[in-house]
Amino acid sequence: MEHYLPLIIVALGVIVLLLLITKLELDTFISLIITAFLVALALGMPLDKIVESIEGGMGGTLGSIALIFGFGAILGRLVADAGGAQRIATTLIDKFGEKNIQWAVVIASFIIGIALFFEVGLVLLIPIIFQIAKELKMSPLYLGIPMATALSATHGFLPPHPGPTVIAQQYDANIGMVLIYGIIIAIPAVIIAGPLFTKVIRKIIPASFEKQGNLDSLGEIKTFDLKDTPGFGISVLTSLFPVLLMAISTIVDLIQDLGNVSDNMLFKIIHLIGQPTTALLISVLLAIYTMGIKRNIPMKKVMQSAEESIRAIGMMLLIIGGGGVLKQVLIDGGVGDAVAAIFEGSSMSPLLLAWIIAAILRIALGSATVSALTTAGLVIPLMQGTGVDPALMVLATGAGSLIASHVNDAGFWMFKEFFGLNLKETFATWTLLESIISVVGLAGVLVINLFV
């Protein structure tokens, strides 16, 4: 029973967190810190160690992610404000034609989703989706489901998104391998939960596909004449440049390991450039040139876009830090050791366990990033001595953290409002597609685990 007491405290902590956010309508960040204090006290942590643990959790989490998150937001905003994202979407649509329009949307959303955070990508693509639907006289939801699926899968599986980036650092995983495995897993997840799922759900709830959606909820939308936007090639290159640099670094690292080549200055430089912070800084400098200077946009205006993007993610950074605080309190309070003790001698794979814990926390908390972070704190002790690949642990946790998005998740309400759905229709589309991504993601992780 003593092993279960810390878990009961965690469960009560989650309930308190939910009550603070939903009933008292307290800010998520404040609620996370209050919960961390209460859980620390309940776990019997020494009073003089509680603040130390909380500050350590905040510093440890933001120390590694603040730069990545900041540069990622700037890059996405520069591409969006120059019209590069609109160019990517419209060019693919022209190339694919009406018959394959869903696949064009999937590819455009996937490319944009790698560079942009979920909410930014959604707000950016929605007006383009509605514009295409109007021109082709089809349902916005028919294009919206594949779009949301691609954005969600990149958000859950691929660095430099906050969830996978932070937990890669927590698990001490190679971020390049997370990226490679993540793309391998994300592709089938997007195909199944996107175009294939749309065909099935369209027959079950046809009325939802007759609705024209709600564009007013977007507020002021930036749209461009195509002639005023950057070229397709340069827009794609700028958006994907950090991914390209990280991928090159990972491939070089693999060649070095396989060939047993000793470290030299060239390898060290490539490794430095492939670090997420360096890759994103270089990509931001490229975007300042390609999306600004080259197009004769004044530097002041380019920097205004950069500043606005940082302002928008300030609270998100604090919430991520708050998730890291709760995680650190759980580790320092011995919860991870208690979980390890319960599953000691268990034949359950740490990969499956990470997915289950992340899924439970996701359903309880709503935030994919917070549930992934908290899961990391619980399962790190279980990885020791198992020989499981840390990169796959990142993806198993990421997959679990996507499941069953419902009323406590901002994405649920965004999707509902944009497409003018009622609650039942939103559960049947959004909640279900998120769950499909999660289950397919877990299956992909378990399959890759057989070969690595």
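Values below: all heavy atoms of this structure, side chains included; hydrogens, waters and symmetry mates excluded. Quick caveat, the model's predicted, so the values are computed rather than measured.
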Counting N and O atoms only, with roles assigned by atom type, does the side chain of E425 sit under 3.5 Å from a partner on the main chain of N422, one being a donor and the other an acceptor? yes
Indicate yes or no: at least one non-hydrogen side-chain atom of I273 is less than 4.5 angstrom from one of I248. no
I'd like to check W355 versus V445 (side-chain heavy atoms, cut-off strictly below 4.5 Å). Are they in contact? no
Do any N or O atoms from the side chain of S152 and from the backbone of A148 form a donor-acceptor pair under 3.5 angstrom? no
CG on L179 to CG on N174, rounded to 0.5 Å: 10.0 Å
Check A396 against L351 and note the closest heavy-atom contact, atom names and distance. CB-O, 3.4 Å
Tightest non-hydrogen contact, residues L41 and I50, listed as CD2-CD1, 3.6 Å
Report yes or no: does S405 contribute a side-chain atom to a donor-acceptor pair with the main-chain N or O of T431 at less than 3.5 Å? no
Considering all heavy atoms, the nearest Q102-Y142 contact: NE2-O, 2.8 Å
For S305 and R77, indicate whether the former's side chain and the latter's backbone hold a donor-acceptor pair under 3.5 Å. no
S239 side chain to S235 main-chain N or O, any donor-acceptor pair under 3.5 Å? yes
Can you give me the closest heavy-atom contact between I9 and A42, atom names plus distance? CD1-O, 3.3 Å
Please report the closest heavy-atom contact between G274 and S249, naming both atoms and the distance. CA-CB, 3.4 Å
Looking at every non-hydrogen atom in both residues, tell me the closest pair between V394 and I167 and how far apart they are. O-CD1, 3.5 Å
